[in-house]
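These notes concern the structure reproduced below.
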Amino acid sequence: MSKFYITTPIYYINDKPHIGHAYTTLVADVLARWHRQQGDAVFFLTGTDEHGAKVQESAAAAGLAPPEFADKNVDKFKQAWQSLGIKYDYFIRTSDERHEAVVKDLMRQIYESDYIYEGLYEGLYCVGCERFLQPDDLVNGKCPLHPHQLPVQQKEKNYFFKLSSFRDKLLAALENDKYKIVPATRRNEVVGKLKKGLADISISRAGVSWGVQVPWDKAQTIYVWVDALINYYSATQFENKGKDFWPANVHLMAKDILWFHAVIWPALLLAAELPLPQTIACHGFFTIDGQKMSKSLGNVIDPNDLVKEFGVDAARYLLLSQIPFNSDGDISWERFRERYESDLANGLGNTFSRVTNMIEKFGQGRFNQAQGVNQFTSITASAVASALRNFQFDSALLAIFNVVSSIDEEIERTKPWQMAKDSKESAIGPLLDKWGTMLLDVAMYLKPFMPATAKKMEDALRTEKITKAEPLFPRLN
RNA sequence: CGCGGGGUGGAGAAGUGGCAUCUCGCCUGGCUCAUAACCAGGAGAUCGUGGGUUCAAGUCCCACCCCCGCAACCA
């Protein structure tokens, strides 16, 4: 038995969860469940990122103090994960003072190792907003919120992290697989950028009060990203369930935040002389009906709506099977409905009905489970394992569903109903044993992906007297 | 020449030199245990375009066209 520590990003509490957050978290859940099933000691961490200027502003806009604002919003995430059947081991909030204590300790250590120095941060500043502006923020060269004030070039005293001095070490670490970035294309991207050079980064803010205080300068707070990244480590320090789990086996994320995880985070760890995470796994973005997901287009899919339409397990199946992990993918309600009908209702659901019904009709409600695990489906077991090792959730599911198809084929070939007519019931028994066992195998493989369905299948197949099962996936209307 | 990904039957994907594959959809036939489900067979691809290398190219090389991310203080 080995340990398996997997994380999702901690989500910025300003947002409410959308399908992108849901996908990342779901993937983590599947891997966590799979490793638990393999007997590994698992720590699955998710949470929320609650500090920073944006939260401060949003809270103010809502007329709340930042902590109240965060308390109010954190439930949206917890609720979404619950409705998707996601079982994390711990939910971390960066406003937790135990996390803050670890951040301070770590930053002080890095500071005392001379990897942090004082400098000037320069950028455009909007006085009306009291914050620095990104070039993207500008509309006609002005702050959209304060179009009558010209943004000014401003300087602020900040503390800087000597990121640049870690360039060679990071490149070497990647070269030697001290940590991995998957997929390879993303890794190449990072290596390419690293080779171009690396600038030091500002890791503190003077104008942001909602954050972790810089331990050696009370006028500054730690830059929210640095604070956030440390969550992966801090949870293993103050939370009992996470003890002895550092370093992480897998940090999961979408590609937008790869740089932070693949460069800044490992550099901070090197500076603190902590072990590096094993794998940085990074998935793509989704477009919806070929368009970028965006609030203004109004095409953002709420994971709750997906669950409402299809049910938890079907929602899980659709997300995992329809989105390629390694690249961007397009999704649409229409395709979700098609897949629901073809794979779940007509496929697994219908086959389960056929077999349970035949066991009731031709087998007196009983079948003999074949001895040994994976009696008929050992190839599937290794296919699933290797797919999961490579984050190929779609092919893992495909491998499992192939078992279902093969049952359908064999039913067709052997025609049990014909045997019954010809009074050859005794020949049906062994077939029912085989199919029943195969469906139990399917249930076992499906557990990490569709836990509720797997349980329904097992319950139905393990009763004293098996009767035709209720549809696992009722047809959509 | 900023960096990177991609363009494969109607849709979504696999495929890094050797008969172009899978899922969905479509057509025809079969079946009736099953959620009008299932099974078999079939039609459908000049693999973005033009050159090149090779006995052999979706796959390697060159040029071009088109989409899409990223471009470092951003979730």
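Naming convention: chains lettered A, B, ... in sequence-line order (proteins, then strands); numbering from 1 in each chain.
- Put simply, CD on A:Glu341 is 19 Å from P on B:U23, counting in whole angstrom units.
- At a threshold of 4.0 angstrom between heavy atoms, the contacts of A:Leu198 include nucleobase atoms, whether or not backbone atoms are also involved.
- The distance between atom CD of A:Gln364 and atom C1' of B:C33, rounded to the nearest whole Å, is 15 Å.
- Taking atom C1' on both B:C61 and B:U53, the two are 7 Å apart, rounded to the nearest angstrom.
- A:Val55 places a side-chain heavy atom less than 4.5 Å from the side chain of A:Ile13.
- When rounded to the nearest whole Å, the span between CH2 of A:Trp435 and C1' of B:C39 equals 13 Å.
- Checked by distance alone, A:Arg339 brings no side-chain donor or acceptor within 3.5 Å of a matching partner on the base of B:C24.
- Nearest-nucleotide mapping onto RNA chain B: of A:Phe285 and A:Gly347, the residue sitting toward the 5' end is A:Gly347.
- For B:A75, its base sits under 3.5 Å from the side chain of A:Asp49 at one donor and acceptor pair at least.
- Listed candidates were B:A40, B:C22, B:C33. Nearest to the side chain of A:Asn357 is B:C33.
- Nearest nucleotide to the side chain of A:Trp417, out of B:U32, B:A75, B:G69: B:U32.
- For the P atoms, the distance from B:C24 to B:U59 is 29 Å, rounded to whole Å.
- Straight-line distance between the P atoms of B:C68 and B:G30: roughly 49 Å, to the nearest whole Å.
- Nucleic acid contact class of A:Tyr11 (heavy atoms, under 4.0 Å, all strands): none.
- Where stacking is scored as ring centres under 5.5 Å apart with planes under 30°, A:Trp225 registers as stacked on the base of B:A75.
- Taking atom CZ of A:Arg335 as the reference point, atom C1' of B:G10 lies 13 Å away to the nearest angstrom.
- At the phosphate of B:A34, OP1 or OP2 sits under 4.0 Å from a side-chain N or O atom of A:Lys361.
- Within the nucleic acid shown, A:Phe473 comes within 4.0 Å of at least one base atom, counting heavy atoms only.
- The side chain of A:Ile257 lies closest to B:A75 when the candidates are B:C39, B:A11, B:A75.
- For the pair A:Ile331 CD1 and B:C68 P, the computed distance is 18 Å after rounding to whole Å.
- Residue A:Tyr317 is tested with A:Phe336, A:Phe473, A:Phe401, A:Phe393 for a ring-ring contact (aromatic ring centres under 6.0 Å, His included); the sole match is A:Phe401.
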A:Ile203 and A:Ile222: CA distance, side-chain angles, deciding distance, side-chain contact (heavy atoms from CB on, under 4.5 Å) verdict: CA-CA 6 Å; A:Ile203 52 142; A:Ile222 307 279; 5.6 Å; no
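- Counting atom types as modelled, A:Asn350 pairs a side-chain N or O with a base atom of B:A34 as donor and acceptor under 3.5 Å.
- Separating the P atom of B:G51 from that of B:C67 is a span of 23 Å, rounded to the nearest Å.
- Using atom P as the reference point in both B:U28 and B:A34, the two lie 26 Å apart (nearest Å).
- Checked by distance alone, A:Glu412 brings a side-chain donor or acceptor within 3.5 Å of a matching partner on the base of B:G30.
- In the set B:C33, B:A75, B:C22, B:C33 carries the atom at the smallest distance from any side-chain atom of A:Arg354.
- If you check every strand for non-hydrogen atoms under 4.0 Å, A:Pro416 touches nothing.
- In this structure, CH2 of A:Trp259 is placed 11 Å from P of B:A71, rounded to the nearest angstrom.
- In this entry the distance linking CZ of A:Arg186 with C1' of B:G6 reads 11 Å, nearest Å.
- Taking the C1' atoms as reference points, B:G12 lies 35 Å from B:C1, given to the whole Å.
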Watson-Crick and G-U pairing of RNA chain B, under 3.5 Å, as dot-bracket with | and [ ]: .(((((((.[[[[.)..(..]]]].(((((.......))))).....[[[[[..)....]]]]])))))).....
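- Across the P atoms, B:A63 and B:U8 are found 22 Å apart, a figure rounded to whole Å.
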